[in-house]
Amino acid sequence: MSTPFANFQYGIYLEGALNGKRPSHPMGWDALEAEATERLAPGPRGYLNGGAGTEDTMRANLEAFRRQRIVPRMLRDVETRSLARRVLGTDLPAPLLVAPIGVQSIVHPDGELAVARGAAATGIPMIASTASSYTLEAIAEAGTASEAATPRWYQLYWPRGRELARSLVERAEAAGYGAIVVTLDTWLLGWRPRDLQQAYLPFLESVGIANYLSDPVFRSTLEKTPEEDPMAAVGQFVGVFSNPTVTWDDLAFLRECTSLPIVLKGILHADDAREAAARGVDGLIVSNHGGRQVDGAIGALDALPGVVDAVGGEVEVLFDSGVRCGADIFKALALGARAVCVGRPVMWGLTVGGEEGVKTVLQSLLAELDLTLALSGLANVDQIDRSALTTRP
Ligand SMILES: Cc1cc2nc3c(=O)[nH]c(=O)nc-3n(C[C@H](O)[C@H](O)[C@H](O)COP(=O)(O)O)c2cc1C
Ligand SMILES: CCCCC(=O)C(=O)O
């Protein structure tokens with residue numbers, strides 16, 4: 001049986017030919033970005049599209065993909081194909097997830113609820129951010145309304161105060177999230193000139209703090225309820241959302257809090273990957289946060305092979321930062337990623353078309369990946385390896 005994503009594009013051609021019906025949003029990745037960018041108000045636009053400092057690392061993420069080129073093989077019977085892959089003990093329809101992105105209601109009022117629904121419709125797991133505009137419980141419910149089987153993961157910003165960390169993790173486990181993704185690269189927000197220029201930070205408008213306002217431990221630290229004094233709650237959030245004192249030794253505490261797989265997001269150095277493996281974590285995400293944190297940092301794809309070589313056999317290595325099309329997913333898989341997370345393109349789909357836009361972006365990525373696989377002479381994702389690529393100087 002061929003992949004469930006095969007021939008997605010023929011459906012679009014047919015709709016156009018038979019019914020004169022064109023897709024409601026752009027089908028080219030650059031056009032999608034351009035349309036979303038045009039629609040957004042300056043504050044959210046800068047927040048979504050911007051990076052740290054000179055944005056050198058944000059560009060390096062894209063350039064790293066352009067340096068890798070696929071060398072297709074021929075005459076290999078690619079009629080029967082599969083994108084399916086088991087990731088952290090769960091069978092996924094494809095090695096693809098939606099990266100954790102906070103404050104999604106700044107681009108569309110339905111925010112994470114629309115992403116949860118759009119992702120569930122394709123079977124692709126969403127990683128819900130701690131800094132979401134809706135509570136983690138509401139996001140879980142939105143994601144199960146249509147397709148009960150789609151897994152979801154929870155991304156933790158490790159806060160100041162272990163009891164708050166425990167509370168968030170226990171809530172996520174109770175709400176059916178299947179893994180805890182701890183983000184390591186954002187103990188402090190990076191230097192982001194586009195946001196500084198506009199004095200724009202969504203949290204100051206109370207966006208992205210729903211999980212805190214609904215948390216009994218967080219609420220117990222406030223003198224007045226958030227309903228009585230919203231700005232005091234925002235101030236408290238800014239003070240506790242992330243905890244730069246956390247070290248490797250603290251991971252043992254997290255392990256005590258949950259039996260779910262633990263994934264560390266933001267690993268770039270092979271020695272950190274080895275340390276993570278030695279501490280018994282289940283997975284890593286090679287990521288530089290989309291170039292939003294350390295300007296001048298290595299392009300994420302350039303860091304991937306070193307991390308895979310260091311620990312690929314012991315720990316599942318996932319990837320994000322700079323994925324813009326099906327070929328990019330293929331390239332990251334070829335360099336050893338077990339699965340790939342897509343970030344900004346999903347937000348552009350959300351901006352342009354809400355739930356439908358998210359669904360279209362994910363379906364398009366899957367269809368493109370399937371076609372890239374087949375046209376490269378491969379029948380399933382396990383056959384993608386480094387021999388499929390050549391490096392352009
Ligand atoms: C607007 C925005 C918000 C983000 N919020 C979070 C977040 O709350 N938690 C997190 O771990 N990463 C967050 N990230 C980083 C993404 O998970 C991911 O690493 C990044 O988007 C990858 O870069 P790309 O989208 O350019 O491919 C955010 C990224 C963007 C663009
Ligand atoms: C509290 C920070 C959440 C958003 C984030 O991670 C980003 O803007 O990159």
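For ligands, and for the atoms within them, numbers begin at 1 and follow the listed sequence. Throughout, numbering of the chain's residues begins at 1 and tracks the sequence.
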Q: Heavy-atom distances under 4.0 Å are what count here, so tell me which part of R192 touches ligand 2: side chain, backbone, both or neither.
A: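 It is the side chain that touches ligand 2; the backbone stays farther off.
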
Q | Location of contacts on Q293 toward ligand 2, heavy atoms closer than 4.0 Å | A |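 The answer is neither; Q293 stays 4.0 Å or more away.
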
Counting from 1, what ligand 1 atoms have a heavy atom of [X] closer than 4.0 Å?
| X | value |
| --- | --- |
| Y157 | 6 (C), 7 (C), 8 (O), 9 (N), 10 (C), 11 (O), 12 (N) |
| A99 | 17 (O) |
| S287 | 19 (O) |
| Q155 | 7 (C), 8 (O), 9 (N), 10 (C), 11 (O) |

Side-chain donor-acceptor pair present, [X], [Y], cut-off under 3.5 Å:
| X | Y | value |
| --- | --- | --- |
| D56 | T54 | no |
| S214 | R171 | yes |
| Q236 | T221 | yes |

Distance to 0.1 Å, residue and atom name: give those for the protein heavy atom nearest to [atom].
| atom | answer |
| --- | --- |
| atom 5 (N) of ligand 1 | G102 N, 3.0 Å |
| atom 8 (O) of ligand 1 | S129 OG, 2.6 Å |
| atom 6 (O) of ligand 2 | Y157 OH, 2.5 Å |
| atom 3 (C) of ligand 1 | I101 CG2, 3.5 Å |
| atom 18 (C) of ligand 1 | D320 OD2, 3.5 Å |
| atom 11 (O) of ligand 1 | T183 OG1, 2.6 Å |

Residues [X] and [Y] bridged, charged N to O under 4.0 Å:
| X | Y | answer |
| --- | --- | --- |
| E173 | R166 | no |
| R194 | E55 | yes |
| D328 | R344 | no |

Looking only at distance, does [X] have an N or O less than 3.5 Å from an N or O of ligand 1?
| X | value |
| --- | --- |
| R344 | yes |
| P345 | no |
| G322 | yes |

**Q.** Which of the ligand 2 atoms, numbered from 1, are nearer than 4.0 Å to a heavy atom of R292
**A.**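 That gives atoms 7 (C), 8 (O), 9 (O) of ligand 2.
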
Q. Which of the atoms in ligand 2, numbered in the order shown and given with their element, are less than 4.0 Å from a heavy-atom of F203?
A.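 Within the 4.0 Å cut-off of F203, ligand 2 contributes 1 (C), 2 (C), 3 (C).
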
Q: Please list, chain by chain and in numerical order, all residues satisfying salt bridge (Lys or Arg N to Asp or Glu O under 4.0 Å) with D249, sequence neighbours excluded.
A: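 By the salt bridge (Lys or Arg N to Asp or Glu O under 4.0 Å) rule, D249 matches R279.
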
Nearest non-hydrogen atom to [atom] belongs to which of [options]?
| atom | options | answer |
| --- | --- | --- |
| atom 1 (C) of ligand 1 | M347, K265, R292 | R292 |
| atom 16 (C) of ligand 1 | P44, P100, G290, G343 | P100 |
| atom 4 (C) of ligand 2 | F237, F241, Y47 | Y47 |

Q) side-chain hydrogen bond (donor to acceptor under 3.5 Å, both in side chains) with N288: which of D302, T57, N61? A)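 Considering D302, T57, N61, a side-chain hydrogen bond (donor to acceptor under 3.5 Å, both in side chains) with N288 is found only for N61.
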
Q. CG of D30: more than 12 outside heavy atoms within 6.0 angstrom?
A.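 Not buried by this count: 12 neighbours or fewer within 6.0 Å.
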
Q | Geometric class of the W158/F253 ring pair [parallel <30°, tilted 30-60°, perpendicular >60°] | A |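 Judged by the thresholds at 30° and 60°, the geometry between F253 and W158 is tilted.
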
(Q) Please identify which of these residues, T3, N7, V381, L365, meets the side-chain contact (heavy atoms from CB on, under 4.5 Å) condition with D370. (A)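 By the side-chain contact (heavy atoms from CB on, under 4.5 Å) criterion, D370 pairs with just one of T3, N7, V381, L365: T3.
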
Q: Indicate yes or no: at least one non-hydrogen side-chain atom of F237 is less than 4.5 angstrom from one of S206.
A: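 Not in contact.
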
**Q.** For I285 against C341, the heavy-atom pair lying closest together
**A.**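 Minimum heavy-atom separation between I285 and C341: CD1-SG, 4.3 Å.
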
(Q) Testing the basics here: between Y47 and R192, what is the closest heavy-atom pair and its distance to 0.1 Å? (A)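 Smallest heavy-atom distance, with atoms named: OH-NH1, 3.8 Å.
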
Q: Report yes if T186 has an N/O atom closer than 3.5 Å to an N/O atom of ligand 2; otherwise report no.
A: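 T186 vs ligand 2: no N/O contact under 3.5 Å.
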
Q.
I'd like to know whether ligand 1 has M58 as a neighbour, heavy-atom separation below 4.0 Å.
A.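 No.
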
Q. Looking only at heavy atoms, is any part of V323 under 4.0 Å from ligand 1, and if so is it the side chain, the backbone, or both, or is it neither?
A.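 Looking at V323 and ligand 1, just backbone atoms fall under 4.0 Å.
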
